[in-house]
> 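Pasting in a structure now, in structure tokens, and then I'll have a few things to ask.
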Amino acid sequence: MATPERAESLDFVRAKVAEDTASGRYEGRVHTRFPPEPNGYLHIGHAKAFNLNFSIADEFGGLCNLRFDDTNPTAEETEYVESILEDIHWLGYDWGDRLYYASDYFEQLHEYAVDLIRRGKAYVCDLSPEETREYRGTLKEPGKDSPYRDRPVEENLGLFARMKAGEFPDGARTLRAKIDMASPNINLRDPVIYRILHAEHHRTGDTWRIYPMYDWAHGLSDSIEGVTHSICSIEFENHRPLYDWFLDELEVFHPQQIEFARLYVSRMILSKRRLLQVVERGYVDGWDDARMPTLAGLRRRGYTPESIREFLKRVGVAKTESEIDVALLEHCVREDLNAKAPRVMAVLDPLRVVIENYPEEQGEEFEAVNNPEDPDAGSRKLPFSRVVFIERADFQEDPPKKFHRLAPGREVRLKHAYLVRCEKVVKDKATGEVVELRCSYDPETRGGDAPDGRKVKGTLHWVSAEHAVDAEVRILDYLLREPDPEADTAADAGAELDDLINPSSRTVLKGCKVEPSLADSPPGSRYQFLRQGYFCTDSVDSRPGAPVFNRTVSLRDTWAKIAKAAAK
RNA sequence: UGGGGCGUCGUCAAGUGGCAAGACACGGGACUUUGGAUCCCGCAUCGGAGGUUCGAAUCCUCCCGCCCCAGCCA
């Protein structure tokens with residue numbers, strides 16, 4: 001059978017799959033599946049799961065199905081189904097013609113339940129939800145048998161049929177597996193496998209009045225599809241004995257469940273329930289807000305599918321619960337975008353600079369390389385004129401040590417253009433704020449090099465005032481205030497979101513000045529704003545002539561470190 | 001002594017008895033028309049204590065810590 005391409009050591013999941021193919025289990029076949037419940041948008045944690053399932057199938061020459069686990073009609077919506085389809089495709093995976101729904105199997109799942117009743121291994125229980133809980137016992141004490149546990153098969157069959165026919169209200173009865181009320185594994189204490197729900201299902205409408213529980217539907221769906229390796233996250237480890245029990249009792253095809261640790265990322269909220277709160281309470285604009293850890297959010301923010309796949313590859317797969325530093329994710333986008341993103345000049349906080357010895361009527365264009373990392377990226381024309389904007393932070397009247405940028409009397413290079421010297425500082429008389437710089441340029445330095453060989457320490461980005469396009473730029477920060485996982489857990493415990501959410505997770509900059517080539521930037525375009533970071537044209541709010549950009553991630557900022565160290 | 005799982009660098013993670021991979025982060029240096037990129041260099045004795053062994057992160061014993069399970073959610 002096929003062996004995976006990786007030369008390095010295999011993670012434990014792949015090792016297990018390799019062991020099975022080597023031993024000829026399942027005839028050496030590998031078939032996986034990704035089973036999301038359509039009750040929210042997919043986030044990067046889900047991406048770890050489907051990346052694993054699709055990749056393993058691919059590496060072992062097998063197949064991976066996409067199956068919606070839609071057994072709870074009260075939580076599921078078609079909007080979520082559509083977003084999930086889109087997001088998986090976006091990340092680069094394809095399920096071919098194997099798109100399934102657990103609801104496709106409702107009929108067969110029901111037949112299996114009847115079979116289990118006939119085998120004397122399931123019964124209709126009349127206990128209320130509260131009573132069921134009491135009878136279940138606790139973590140340390142065994143439960144006790146339901147008074148309905150020994151109902152005759154025929155009676156069970158009759159009652160189950162009436163449940164199906166919708167004769168009873170929600171919660172009136174359940175179908176339960178007859179296993180062991182004293183099991184130390186609570187999942188085995190006669191778990192409910194069918195409940196009555198008079199709810200409208202997003203696909204089957206009102207044809208069903210009873211719905212299978214996860215444990216019943218999941219393993220059997222895997223079995224029906226011929227899945228060989230059912231790879232899921234670690235909280236289902238306690239469910240594996242039940243998964244196995246159903247399959248064994250029914251004597252049907254028996255896949256192998258394997259559990260791995262979920263992905264946690266510092267500064268990110270990755271619980272669907274909490275994410276739903278963040279959306280519903282308006283902390284963000286929606287599931288695709290550029291601050292969200294959803295794939296829709298990351299996409300809008302400018303993350304590439306390649307960078308996310310690389311991140312997941314580096315994160316690895318193990319059983320240890322761990323939290324990955326968000327810095328690794330950021331490193332992965334920078335690495336990818338550094339190679340791909342065209343460089344452009346954009347001034348976020350403009351400071352006007354008049355080049356006094358540059359003739360008013362004069363204008364010229366410079367040839368600017370689009371990406372020094374990619375010779376095939378070509379170049380573009382950059383217009384220059386007497387008045388330009390530079391970044392306010394690139395000038396200091398009283399520069400600290402190691403500040404290599406512009407200051408009174410100092411000479412720097414305007415990238416691709418000329419060497420300029422600051423001759424005069426114009427301030428607002430009332431506030432003392434610097435409003436304009438008067439500079440001179442050296443005509444001999446066209447392109448940025450001085451014929452006399454003199455060097456400058458700083459190179460600044462700039463935009464010609466006459467040609468600049470106004471833009472809105474959104475600087476996105478982490479949604480969580482604190483990096484530690486405690487914050488995540490606290491949110492789960494119901495702590496106030498206000499205490500956990502970073503109050504300045506988004507800063508909107510208006511009146512930014514960008515080079516003219518960006519005027520009609522197509523939504524979703526990615527750039528490196530020279531010396532600043534990677535930015536992506538917003539797919540929702542950007543308009544031709546009035547572009548809007550989201551900062552994907554900043555560039556590594558050595559100067560910030562130096563300045564910070566000096567401040568101490 | 002309810003059951004199950006997990007503990008290797010700041011953060012992930014290899015390693016399955018024979019000198020503790022790699023990545024990110026961090027620190028230092030080179031180079032640079034992005035204080036970007038690139039390139040060098042540095043950075044752990046494996047939760048603890050005993051034991052077995054010529055030799056242990058890997059085997060045994062005990063201890064400590066963290067996670068999951070008491071939905072008619074998934």
> Under a 4.0 Å threshold between the charged nitrogen and the carboxylate oxygen, would A:Lys381 count as salt-bridged to A:Glu365?
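Answer for the salt bridge query: no.
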> In whole Å, what is the span from the CG atom of A:Leu328 to the P atom of B:C12?
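After rounding, the gap between these two atoms is 11 Å.
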> Does a side-chain N or O from A:Arg405 land closer than 4.0 Å to OP1 or OP2 of B:G35, or not?
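False: A:Arg405 side-chain N/O out of range (4.0 Å or more) of B:G35 OP1/OP2.
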> Taking only N and O in the side chain of A:Thr320, is any of them less than 4.0 Å away from OP1 or OP2 of B:G7?
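The answer is yes; a side-chain N or O of A:Thr320 sits under 4.0 Å from OP1 or OP2.
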> When rounded to the nearest Å, what value does the distance between C1' atoms of B:G17 and B:U53 take?
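The same atom, C1', in both gives a distance of 9 Å.
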> For nucleotides 65-74 of chain B, print each protein N/O atom paired with a nucleotide N/O atom at under 3.5 Å, atom names and distance only.
residue : atom : partner  : partner atom : Å
B:C67   : O2'  : A:Glu321 : OE1          : 3.1
B:C68   : O2   : A:Asn238 : ND2          : 3.0
B:C69   : O4'  : A:Asn238 : ND2          : 3.4
B:A70   : O3'  : A:Arg136 : NH2          : 3.4
B:A70   : O2'  : A:Arg136 : NE           : 3.2
B:G71   : OP2  : A:Arg136 : NH2          : 3.1
B:C72   : OP1  : A:Arg136 : NH2          : 3.2
B:C72   : OP2  : A:Arg136 : NH1          : 3.1
B:C72   : N3   : A:Gly171 : O            : 3.2
B:C72   : N4   : A:Leu127 : O            : 2.6
B:C72   : N4   : A:Pro129 : N            : 3.1
B:C72   : N4   : A:Gly171 : O            : 3.0
B:C73   : OP2  : A:Arg195 : NE           : 3.0
B:C73   : OP2  : A:Arg195 : NH2          : 3.0
B:C73   : O3'  : A:Arg195 : NH2          : 3.1
B:C73   : O2'  : A:Asn72  : ND2          : 2.9
B:A74   : OP1  : A:Thr71  : OG1          : 2.7
B:A74   : OP1  : A:Arg195 : NH1          : 3.2
B:A74   : OP1  : A:Arg195 : NH2          : 3.0
B:A74   : OP2  : A:Tyr214 : N            : 2.9
B:A74   : O3'  : A:Asp69  : OD2          : 3.4
B:A74   : N6   : A:His239 : NE2          : 3.2

> What closest approach, in Å, do A:Glu37 and A:Ile84 show between heavy atoms, and which atom pair accounts for it?
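In terms of heavy atoms, the two residues are closest at O-CD1, 4.2 Å.
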> Distance between the C1' atoms of B:A14 and B:U58, in whole angstroms?
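Pairwise C1' distance, B:A14 against B:U58, rounds to 13 Å.
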> When the P atoms of B:G35 and B:C19 are compared, how many Å lie between them, rounded to an integer?
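My reading of the P atoms in B:C19 and B:G35 gives 46 Å.
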> Does B:C26 have a Watson-Crick or wobble partner in any strand here, with both distances under 3.5 angstrom, and which is it?
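Here B:C26 is engaged in a pair, and the nucleotide opposite it is B:G42.
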> Do A:Tyr135 and A:Asp190 have a side chain donor and acceptor closer than 3.5 Å?
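A:Tyr135 vs A:Asp190: no donor-acceptor pair found between side chains.
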> According to a strict under-4.0 Å criterion, is A:Ser183 in side-chain N/O contact with OP1 or OP2 of B:G3?
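No, no such contact exists.
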> If you measure from the C1' atom in B:C39 to the same atom in B:G51, how many Å do you get, rounded?
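Those two atoms are separated by 49 Å.
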> Give me the distance, rounded to whole Å, that separates B:G18 from B:A74 when you measure between the C1' atoms they each carry.
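Their C1' atoms lie roughly 47 Å apart.
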> Using 4.0 Å as the upper bound for N to carboxylate O, is an ion pair formed by A:Asp394 and A:Arg531?
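Counted as a salt bridge, because a side-chain N and a carboxylate O are separated by less than 4.0 Å.
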> Applying a 4.0 Å non-hydrogen cut-off, can you work out what A:Lys272 is touching in the nucleic acid: base, sugar-phosphate, or nothing?
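If one applies the 4.0 Å heavy-atom cut-off, A:Lys272 turns out to touch nothing in the nucleic acid.
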> Could you state the NZ-P distance from A:Lys140 to B:G4, rounded to the nearest angstrom?
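Roughly 15 Å, once rounded to whole Å.
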> State which residues pass ring pair (Phe, Tyr, Trp, His ring centres under 6.0 Å) with A:Tyr112; sequence neighbours excluded, sorted by chain then number.
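Once residues adjacent in sequence are excluded, A:Tyr112 has no partner under the ring pair (Phe, Tyr, Trp, His ring centres under 6.0 Å) criterion.
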> From the list B:A37, B:C24, B:U34, which nucleotide is the closest neighbour of the side chain of A:Arg556?
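Within the option list, the nearest is B:A37.
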> Tell me which nucleotide, if any, is Watson-Crick or G-U wobble paired with B:C9 when both distances must be under 3.5 Å.
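Paired with B:C9, as far as the under-3.5 Å criterion goes, is no nucleotide at all.
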> Quantified in whole Å, what is the C1' atom distance between nucleotide B:U8 and nucleotide B:C46?
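Between the two C1' atoms, the distance is 4 Å.
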> Look through every strand shown and name the nucleotide pairing with B:A49 as Watson-Crick or G-U wobble, where both distances are under 3.5 Å.
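When the pairing criteria are applied, B:U61 turns out to be the nucleotide that pairs with B:A49.
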> Of the non-hydrogen atoms in A:Phe403 and A:Leu406, which two are nearest, and what is the gap between them?
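Closest approach of A:Phe403 to A:Leu406, heavy atoms only: CE2-O, 3.5 Å.
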> Between the side chains of A:Tyr303 and A:Asp336, does any donor sit under 3.5 Å from an acceptor?
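Checked: A:Tyr303/A:Asp336 side chains show no N/O donor-acceptor pair below 3.5 Å.
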> Quiz question: going by heavy-atom distance under 3.5 Å, is there a donor-acceptor pair between the base of B:G36 and the side chain of A:Glu373?
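Present.
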> A:Arg531 side chain N/O closer than 4.0 Å to the phosphate oxygens (OP1, OP2) of B:G35?
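Yes, because at least one side-chain N or O of A:Arg531 sits under 4.0 Å from OP1 or OP2 of B:G35.
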> Evaluate the criterion side chain to side chain donor-acceptor pair (under 3.5 Å) for residue pair A:Ser103 and A:Arg203; output intermediate values, then yes/no.
CA-CA 8 Å; A:Ser103 55; A:Arg203 295 188 75 239; 3.1 Å; yes
> What integer distance in Å separates A:Gln532:CD from B:G36:P?
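About 14 Å, once rounded to whole Å.
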> Using atom CD of A:Glu237 as one end and atom P of B:C6 as the other, report the distance to the nearest whole Å.
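Rounded to whole Å, this separation is 6 Å.
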> When you compare B:C9 with B:C43, how far apart are their C1' atoms, in angstrom units rounded to a whole number?
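Going atom to atom, C1' in each nucleotide, I get 8 Å.
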> Is A:His331 touching bases, backbone alone, or none of the nucleic acid, heavy atoms closer than 4.0 Å?
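Sugar-phosphate contact only - A:His331 comes under 4.0 Å of backbone atoms but never of a base.
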> Have a look at A:Arg343 and say if it touches a base, only the backbone sugar-phosphate, or nothing, with a 4.0 Å heavy-atom cut-off.
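Counting heavy atoms under 4.0 Å across all strands, the contact made by A:Arg343 includes a base.
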> NA contact type, A:Val265, heavy-atom cut-off 4.0 Å: base, sugar-phosphate, or nothing?
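No contact.
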> Given that both distances must come in under 3.5 Å, which nucleotide forms a Watson-Crick or G-U wobble pair with B:G17?
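Across all strands, not a single nucleotide pairs with B:G17.
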> Return yes if the base of B:U34 and the side-chain atoms of A:Gln528 contain a donor-acceptor N/O pair under 3.5 Å, otherwise no.
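Check passes, donor-acceptor contact within cut-off.
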> Syn or anti for B:G15, taking syn as within 90° of 0?
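Base orientation: anti.
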> Applying the Watson-Crick and G-U wobble criteria at under 3.5 Å, what pairs with B:A74? Answer none if nothing qualifies.
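Result: none.
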> Look at the side chain of A:Asn338 and decide which nucleotide, out of B:C12, B:C6, B:A37, has an atom nearest to it.
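The nucleotide sitting nearest to the side chain is B:A37.
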> Looking across every strand, which nucleic acid part, if any, lies under 4.0 Å from A:His461 by heavy atom: base, sugar-phosphate, or nothing?
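It contacts nothing in the nucleic acid.
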> If the test is ring-ring contact (aromatic ring centres under 6.0 Å, His included), which one of A:Tyr211, A:Phe168, A:Phe160, A:Tyr123 qualifies with A:Tyr194?
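Of A:Tyr211, A:Phe168, A:Phe160, A:Tyr123, ring-ring contact (aromatic ring centres under 6.0 Å, His included) with A:Tyr194 is met by A:Phe160 alone.
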> Within the structure shown, what part of the strands sits under 4.0 Å from A:Phe403 by heavy-atom distance: base, sugar-phosphate, or nothing?
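Base contact.
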> Taking only the C1' atom of each, what is the distance from B:C66 to B:G27 in whole angstrom?
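These two C1' atoms come out 31 Å apart once rounded.
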> In whole Å, I'd like the distance from the CD atom of A:Glu335 to the P atom of B:A25.
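In whole Å, B:A25 P lies 10 Å from A:Glu335 CD.
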> Hey, what's the ring geometry for A:Phe236 with A:His239, parallel, tilted or perpendicular (30° and 60° as the breaks)?
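The arrangement is perpendicular - the two ring planes meet at more than 60°.
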> For A:Lys561 and B:G28, what is the distance between atoms NZ and C1' respectively, to the nearest whole Å?
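One finds 12 Å between C1' of B:G28 and NZ of A:Lys561, rounded.
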> Under a 3.5 Å limit for both distances, which nucleotide forms a Watson-Crick or G-U wobble pair with B:A56, could you say?
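By the stated definition (distances under 3.5 Å), nothing pairs with B:A56.
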> What is the distance from CZ of A:Phe12 to C1' of B:A13, rounded to the nearest Å?
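About 13 Å, once rounded to whole Å.
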> What is the distance, rounded to the nearest whole Å, between atom NZ of A:Lys457 and atom P of B:U34?
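Going from A:Lys457 (NZ) to B:U34 (P), I get 15 Å.
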> Among B:U34, B:A13, B:G35, find the nucleotide with the atom closest to the side chain of A:Ile562.
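For the A:Ile562 side chain, the nearest candidate turns out to be B:G35.
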> Would you tell me if any nitrogen or oxygen in the side chain of A:Ser266 comes within less than 4.0 Å of OP1 or OP2 on B:U11?
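Answer no for this pair, as no side-chain N or O of A:Ser266 is under 4.0 Å from OP1 or OP2.
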> Could you check if a side-chain atom of A:Ile258 sits within less than 4.5 angstrom of a side-chain atom of A:Ser230, using non-hydrogen atoms only?
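A:Ile258 does not reach A:Ser230 side chain to side chain.
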